[in-house]
Amino acid sequence: MPPWDPVEGVTAPRRVEVHPGREAIVEFDPELTFECVPECTWCCHHGVLLYEEDFAELAKRENLNRSTKQLRGRDFVKREDKDREEHVDVDGRACHFLRDDGLCALHAEHDWKPTRCSVFPLSVSVVDGEIHVDVRDSARTYCEGLGVSDRRIVDHLDAFLPPLLWDLDDPTSDVVIE
Ligand code: SF4
Ligand code: SF4
């Protein structure tokens, strides 16, 4: 059976070299395409997991006391109340760095963003010591960028999965806070 069977709709995992010598097991339909819809901003309405290296990089750019919090031993970018009606979740909150204009302050002002923000709408997990990548469950429901372009995700995995992920003790990306 091919990795993606258009009749059965079944995806068999496939091994892909994402960076030289760094492979991931791809669990999603290789025909799936993605292009971010900037005015959407859904994925920036939440707290964001910071890997240790991200935390150090963020410290060079922003005040950590104002922008981060710790929960269960992990660091996150804070989710906070915003005094606006756009670019917020239903409870009026969003990522500390999501500006009023819908742009990420880190990306716009520092040309940098946390690893987890690059990974979305994908999710990373580890099985038997290997990195597996799939589409995040919440992205299948809320991300407006899936299936709207000709840009196959599987052809651009290096843009979603920084090499850093292969050096981490735990690159699992689906860790959320309220
Ligand atoms: S949810 Fe998807 S389309 Fe919306 S801003 Fe995030 S990546 Fe872009
Ligand atoms: S850090 Fe930037 S890209 Fe990441 S969730 Fe916050 S606003 Fe969005």
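Order of appearance sets the numbers: ligands from 1, and atoms from 1 within every ligand. Sequence positions, counted from 1, serve as the residue numbers for this chain.
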Report task. May I ask you to say whether Arg61 pairs ionically with Asp111, meaning some side-chain N is under 4.0 Å from a carboxylate O? Result -> no
Report task. Answer yes when Glu80 and Arg93 have at least one side-chain N-carboxylate O distance shorter than 4.0 Å, and no when they do not. Result ->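 Result for this pair is no, no salt bridge flagged.
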Counting non-hydrogen protein atoms only, what is the nearest one to [atom]? Give residue, atom name and distance.
| atom | result |
| --- | --- |
| atom 5 (S) of ligand 2 | Val48 CG2, 3.2 Å |
| atom 7 (S) of ligand 1 | Phe34 CZ, 3.7 Å |
| atom 2 (Fe) of ligand 2 | Cys104 SG, 2.3 Å |
| atom 6 (Fe) of ligand 2 | Cys95 SG, 2.3 Å |
| atom 4 (Fe) of ligand 1 | Cys40 SG, 2.3 Å |

Query raised in the report: By number and element, which atoms of ligand 2 are closer than 4.0 Å to a non-hydrogen atom of Cys44?
Result: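 This gives 3 (S), 5 (S), 7 (S), 8 (Fe) as the contact atoms.
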Report task. Go through ligand 2 atom by atom and flag the ones less than 4.0 Å from a non-hydrogen atom of Cys117. Result ->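 Ligand 2 atoms under the 4.0 Å threshold to Cys117: 1 (S), 3 (S), 4 (Fe), 5 (S).
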Report task. Specify whether an N/O/S atom of Cys36 falls short of 2.8 Å from atom 8 (Fe) of ligand 1. Result ->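 Here the distance criterion (N, O or S atom, under 2.8 Å) is met by Cys36, so yes.
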State the atoms of ligand 1, each with its element, that fall below the 4.0 Å cut-off from a heavy-atom position in [X].
| X | result |
| --- | --- |
| Glu144 | 3 (S) |
| Gly145 | 3 (S) |
| Thr41 | 4 (Fe), 5 (S) |

Report task. Give the ring-plane orientation class for Trp42 versus Phe120, where under 30° counts as parallel, over 60° as perpendicular and anything between as tilted. Result -> tilted
Query - Note, Ile25 side chain near Val127 side chain (heavy atom, < 4.5 Å) - result: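 No - every pair of side-chain heavy atoms lies 4.5 Å or more apart.
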Query raised in the report: Do Pro162 and Tyr51 have side chains that get closer than 4.5 Å, going by heavy atoms?
Result: no
Report summary line: Thr68 and Lys78 have their tightest heavy-atom pair at O-CE, 3.2 Å
Query raised in the report: Is a side-chain donor-acceptor pair under 3.5 Å present for His96 with Ser67?
Result: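 Per modelled atom types, Ser67 and His96 side chains form no pair under 3.5 Å.
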Report task. Check Phe120 against ligand 1 and report side chain, backbone, both or neither, counting heavy atoms closer than 4.0 Å. Result ->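 It is the side chain that touches ligand 1; the backbone stays farther off.
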Report task. Answer yes or no: are there more than 12 heavy-atom neighbours, outside Asp169 itself, under 6.0 Å from its atom CG? Result -> no
